[in-house]
Amino acid sequence: MKERVYEANPDPSKPKFFITAAFPYPNSPLHLGHARTYTIADVYARYMRMKGYNVLFPMGFHYTGTPILTMAEQLKAKDPELVSLFVEVYDVPPEDIEKLGDPLALARYFHKDAKQAMIEMGYSIDWRREFTTVDEEFKKFIVWQFTKLKEKGLLTRGTHPVGWCPKHNMPVGMHDTKGDVEPEIGEFTLILFKLEDGDEIYLPAATLRPETVFGVTNIWLNPHAQYVIVEVDGRKWLVTEKAAFKLRFQRKNVRVVEKVDVSKLFGKRVVNPATNKRVPILPGTFVDPDTATGVVMSVPAHAPYDYAAVRDILSQPEMLKKYGVDPRELEPIPLIKVKGYSDVPARDVVEKFGVESQLDKEKLDEATKKLYSDEYHHGIMREDIVSLVYPDLPPEYRRYVVAPVKVWIAGKSVAEAREATAKWLEALGYADKMYEVMNRPVYCRCGTEVVVKVLEDQWFIDYGNPAWKAKAKELLSKMNIVPEELRKEFMYTIDWLHERAAARTRGLGTELPWARGWIIESLSDSTIYMIFYTVNYKIRRYGLKPEQLGIEFWDYVVLGKGNPKDIEKKYGIPRKVLEDIRSEFEYWYPLDSRHSGRDLVPNHLTFFIFNHVALLPREKWPRQIVVNGFVMLEGKKMSKSLRNIIPLRRAIRVYGPDTVRAAILASAELLQDANFTHELALSVMDRLSNIVKIVELVADKEQLEDDSSIAGRWIVSMACTRIREVTNYMEEFKYRAATITLLYEMAKDVEKYFELRGAVKGSKQLRFFVENWVKMLAPIVPHIAEELWHRLGNKTLVVTEEWPKPVQRDAVAELTVAYVDKLIEDIKEIIKVVKKKPEKVIVAVDEPTNWQLAVKAVQATLNRLSFKEFMNEVLRELSRDERRRVAPKLKKLFDYVMGLHEDLKKLITTINEFDEKQAIEQLKDYIARSIGVDKNNIIVLRASEAKGVIPSQKLASIVPLRPAIVVS
RNA sequence: GCGGGGGUGCCCGAGCCAGGUCAAAGGGGUCGGGCUUAGGACCCGAUGGCGUAGGCCUGCGUGGGUUCAAAUCCCACCCCCCGCACCA
């Protein structure tokens, strides 16, 4: 930090690398989940720096939106639940709560806290470029963005339904409701059934299944509910009192005319606009007066509720008589064919689920769900529904009425018919719609029930624009998506995205310049803000005022459009300054890597793609997206309600930043959910302190001896092997594997080295290993790595060191150790089976002259040859005598070699000569220690020397790499 | 429903894309041993079955298939998790 190595300035001599991670929303402290994304981005930044890139990794804070508002309000009201969450879970000092009643103060508080956490974590951020989304300079940038979108015709205007609190007169989202429930808004089709007598009164039956209108036998009204006549756009509707209230939020002209005594309506008749049939109005107690209009059309063939209610009423003949209804009128009218069901599917499910009456809500809901789903997905409209449509009309007129039904509805799938029916009736003036909260009741925090309000003049970003979509797909196809599996998800999202409401009537953020009172919503003002990092510190350094940052300023800086002279004249910005700012943007952009959690794939990251292609030329399109999974705590999802969120700074206090970093990285690969546990953190701490001990052994450079033994050669070679391995992991974002190799596997290598040597001692060779180790640890655990680097006597900073390169490996040394280890394993296996304490071990190895056979076998398996092919190839080159000698061995050799590691196989192909006897002799002490047999009782013979010493059967089985072993 | 991800040994969890050191890494747990006054921490060994020679049998959701060879490739099925918006 003191060296300012993270402050990145344009440097034409170095390749640049620009990394950003999704900035945090400061309504709570940073926790382990945030830490995952930022740690991954930081490891990447540090790695790329060591690879020689000029890396820029900046950070900002996202103040835009409403949750901060709501939270501040609740704190002001001293909501005990939230206060306790802040104090006990978020570690906010109780005396600070008071001042957090102000939204901006709240944001600033957590902003400061989050920044401190990032500094403590050692994130290599260029803090000169920090900003918030309510900075005036940033708002000017967003104004430019939206002006451009509008110019390109990508903004549209229209109406939009939202959840609404009638008391607050404000839209409510999930964070504004009791229990944080998202109000789900659905659309009912209203079909207008005209009352037969009296003046033009319509009964708007609310339905989710307009295609069943052809089978209506009657209308249901709740006998216990209060109904009223309302005038809606000049027409009179009969709806419940509650519905009249709700309609006022969705329609401009709604006027209650009079209350109605519902009992007087029963038995009266209405006309079905789809069939011209007269059907009676009947009492249905199941009808919920709080849902939609409280008027329900009865389709007993396909709606379980209707079937049950009809069945109920048929059991009361006196009621039918009273209302003048012939029971035959209520017979179900089949409309839809579904396989697995009879003509009257509603009867099937009602009977199957054992429904008792229309008030048997639980069973009926289940039956309805099942039937609706089956009919929607597998149902086909019957052809004979055509005969139901206006049957009494003279044929010459009827032809015209029936045509749309014949063409668009009959014989079609339910899904198609549903849309067509609604359209048809709407065209005839007999259908309308009404929004409803589908998961109602949902309550605002104030206790008022949430209704649906239709907002006029809403601005949308038109992500449905086909040309725009095509460009977004073009970028996606060019971009590197990590992990690759997510590409499909992006593709799918790009496809289904359509108009998105881009503004809200409250919250922090930037106002739409042409629509007072509309604040650009938070997912819309955070799509191209990475551009802002490249220039904002210079805007500040040059002391430019927000009013100087007009459209032409950004046009020039971002697009290179316009003449600096004109801009100088208009805004008073010196030409040199303009050019300097422009060149900084030019240097850093395009963005090389964008990082975030996987929850942002279907929204932010896709919008990020869309907005870049809309506004920037192709050469400035972003190059890569890296996505990570969530962090769980002790196996559980972190959540406010479980109160198991660990603020990052608390974790840092307990474990230290490097442990937190390494534990998060080690616990899961990119897309998997990471599981942070106390135990894992302890284990990481233990490993780190172990590394410190090893470093101590090689800290004093002058005192180190030269270890030219196989052990020494091996540890040097392993350093190179590990460098190659870890580098590959880093390149592939396999940070879990990289961390585990660095923390666990490499420590094991060192232990193995001590075992091979038979002593815990440093050496020049071990120091070589350790130096590279510390360098590779630097991106993962920067603080400790820096300390260790100095402990090794270096005066430089390890962050500025070059990432190590794998120099030549020592194939013979690695093979020798692998070979001897396999030998030890085999001897142990034999000892185990024999169950006797061994005294003497004789090992008989193949002649070194046969080594080439092993190489050939390895090559054959690497080239995927079959055994036959391999044998033919080998035998072809040999004399008859040699063939006889060699042939029996080949199968055994081939089978053994087949199973070797790819890496070891490749190693073997580089070795021209390998003397197994020598290999064993070199590590005899090690073997003796490992199997617990005196060194002098381990005898190594070549096959030619072993005749008569070991059984002839064994002797014959010797092949290269597989010696004969006799334990006695 | 649509889209995506996934089912591995007592548990967690790698491996699968590029089939062959895979009876399957690494943890955890359990059992045995060491250390210790004891416990903890730590270290060693065992942890599918069989086996007096480095081996064999059974096994990676279920059922088929391809292959000399399948946890890995192909087909079908079953089950679990996540997203489906105007909200950060």
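In what follows, chains are A, B, ... by sequence order, proteins preceding strands, each numbered from 1.
- Across all strands shown, A:Val967 has heavy atoms under 4.0 Å from base atoms, whether or not it also approaches the sugar-phosphate.
- Residues satisfying the side chain to side chain contact (heavy atoms under 4.5 Å, CB included) criterion with A:Met632, sequence neighbours excluded, are A:Asp673, A:Asn675.
- Between A:Thr493 and A:Leu605, every side-chain heavy-atom pair lies at or beyond the 4.5 Å cut-off.
- Nucleic acid contact for A:Tyr492: base, since at least one base atom lies under 4.0 Å from a heavy atom of the residue.
- Residues satisfying the side chain to side chain contact (heavy atoms under 4.5 Å, CB included) criterion with A:Ala857, sequence neighbours excluded, are A:Phe870, A:Leu893, A:Val897.
- The side chain of A:Arg504 contributes an N or O atom lying less than 4.0 Å from OP1 or OP2 of B:rC87.
- Residues A:Tyr529 and A:His62 place their aromatic rings such that the two centres sit no closer than 6.0 Å.
- Both A:Glu751 and A:Tyr376 sit near RNA chain B, but only A:Tyr376 has its closest nucleotide nearer the 5' end.
- Using a 4.5 Å cut-off on side-chain heavy atoms (C-beta onward), A:Tyr926 and A:Val820 make contact.
- With sequence neighbours excluded, the residues that form a salt bridge (charged side-chain N to carboxylate O under 4.0 Å, His left out) with A:Arg487 are A:Glu484.
- B:rG7 and B:rC12 are spaced 12 Å apart, taking the P atom of each and rounding to whole Å.
- If you measure from atom CZ of A:Phe870 to atom P of B:rA69, you get 20 Å, rounded to the nearest angstrom.
- The side-chain heavy atoms of A:Tyr463 and A:Phe607, taken from C-beta on, include a pair separated by under 4.5 Å.
- At a threshold of 4.0 angstrom between heavy atoms, the contacts of A:Ser526 with the nucleic acid are absent.
- The interatomic distance linking A:Ile824 (CD1) with B:rA53 (P) rounds to 22 Å, in whole Å.
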Check the interface with nucleotides 54-59 of chain B: list each N/O to N/O pair with the protein under 3.5 Å, or write none.
from	atom 1	to	atom 2	distance (Å)
B:rG54	O2'	A:Asp826	OD1	2.8
B:rG54	O6	A:Lys954	NZ	3.3
B:rG54	N1	A:Pro963	O	2.9
B:rG54	N2	A:Asp826	OD2	2.8
B:rG54	N2	A:Arg962	NH2	3.2
B:rG54	N2	A:Pro963	O	3.4
B:rG54	N3	A:Asp826	OD2	3.2

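- A:Leu497 places its CG atom 11 Å from the C1' atom of B:rC84, with the value rounded to the nearest Å.
- A distance of about 43 Å separates the P atoms of B:rC56 and B:rG39, rounded to the whole Å.
- Residue A:Lys640 contributes atom NZ, which lies 13 Å from atom P of B:rA88 at whole-angstrom precision.
- Every residue was checked against the salt bridge (charged side-chain N to carboxylate O under 4.0 Å, His left out) condition with A:Glu916, not counting sequence neighbours, and none meets it.
- Of the candidate nucleotides B:rA53, B:rA88, B:rC87, B:rC87 has the atom lying nearest to any side-chain atom of A:Arg500.
- In this model, the phosphate group of B:rA88 is approached by a side-chain N or O of A:Thr66 to a distance below 4.0 Å at OP1 or OP2.
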Sort me out a list of protein N/O and nucleotides 4-10 of chain B N/O pairs below 3.5 Å, or just none if empty.
from	atom 1	to	atom 2	distance (Å)
B:rG4	O2'	A:Glu489	OE1	2.8

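- Contacts of A:Val966 with the nucleic acid, taken as non-hydrogen atoms under 4.0 Å apart, include base atoms.
- The aromatic ring centroids of A:Phe61 and A:Phe110 lie 6.0 Å or more from each other.
- For the salt bridge (charged side-chain N to carboxylate O under 4.0 Å, His left out) test, residues two or more places apart in sequence or in another chain that qualify with A:Lys734 are A:Glu732.
- B:rU47 sits 14 Å from B:rC11 when the C1' atoms are compared, rounded to a whole Å.
- Applying the salt bridge (charged side-chain N to carboxylate O under 4.0 Å, His left out) criterion to A:Arg722, with sequence neighbours excluded, gives A:Glu725, A:Asp749.
- Within the 4.5 Å cutoff, the side chain of A:Ile842 has heavy atoms near those of the A:Leu941 side chain.
- Take A:Asp457 and apply the side chain to side chain contact (heavy atoms under 4.5 Å, CB included) test, not counting sequence neighbours, and it matches A:Arg157.
- Between the base of B:rA88 and the side chain of A:Asn603 there is a donor-acceptor pair shorter than 3.5 Å.
- Taking atom CG of A:Asn675 as the reference point, atom P of B:rC11 lies 17 Å away to the nearest angstrom.
- Straight-line distance between the P atoms of B:rC75 and B:rG26: roughly 34 Å, to the nearest whole Å.
- RNA chain B forms stems at B:1-7 with B:78-84, B:10-12 with B:26-28, B:29-34 with B:42-47, B:48-50 with B:55-57, B:61-65 with B:73-77, each a run of 3 or more consecutive Watson-Crick or G-U wobble pairs whose two key distances fall under 3.5 Å.
- Spacing of C1' atoms, B:rC22 relative to B:rG32, comes out at 27 Å, to the nearest Å.
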Considering only nitrogen or oxygen atoms on both sides, find all protein atoms under 3.5 Å from nucleotides 25-31 of chain B and state each distance.
from	atom 1	to	atom 2	distance (Å)
B:rA25	N1	A:Arg736	NH2	3.2

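- Within 4.0 Å of A:His604, counting heavy atoms only, lies no atom of the nucleic acid at all.
- Side-chain contact check for A:Phe630 versus A:Met638: every heavy-atom pair is 4.5 Å or farther apart.
- Residues A:Glu825 and A:Lys822 have side chains in contact (heavy-atom distance under 4.5 Å, counting atoms from C-beta outward).
- Rounded to whole Å, atom C1' of B:rC43 lies 12 Å from atom CG of A:Asp686.
- Rounded to a whole angstrom, the distance from the P atom of B:rG19 to that of B:rC68 is 15 Å.
- B:rG9 and B:rG59 have their C1' atoms separated by 9 Å, given to the nearest Å.
- Rounded to whole Å, atom C1' of B:rC84 lies 15 Å from atom CE of A:Met438.
- Rounded to whole Å, the P atom of B:rC86 lies 42 Å from the corresponding atom of B:rU72.
- Scanning for ring-ring contact (aromatic ring centres under 6.0 Å, His included) contacts around A:Phe608 gives A:His612, with sequence neighbours left out.
- One interatomic measurement links the two molecules: NE2 of A:His62 to P of B:rC87, which rounds to 14 Å at whole-angstrom precision.
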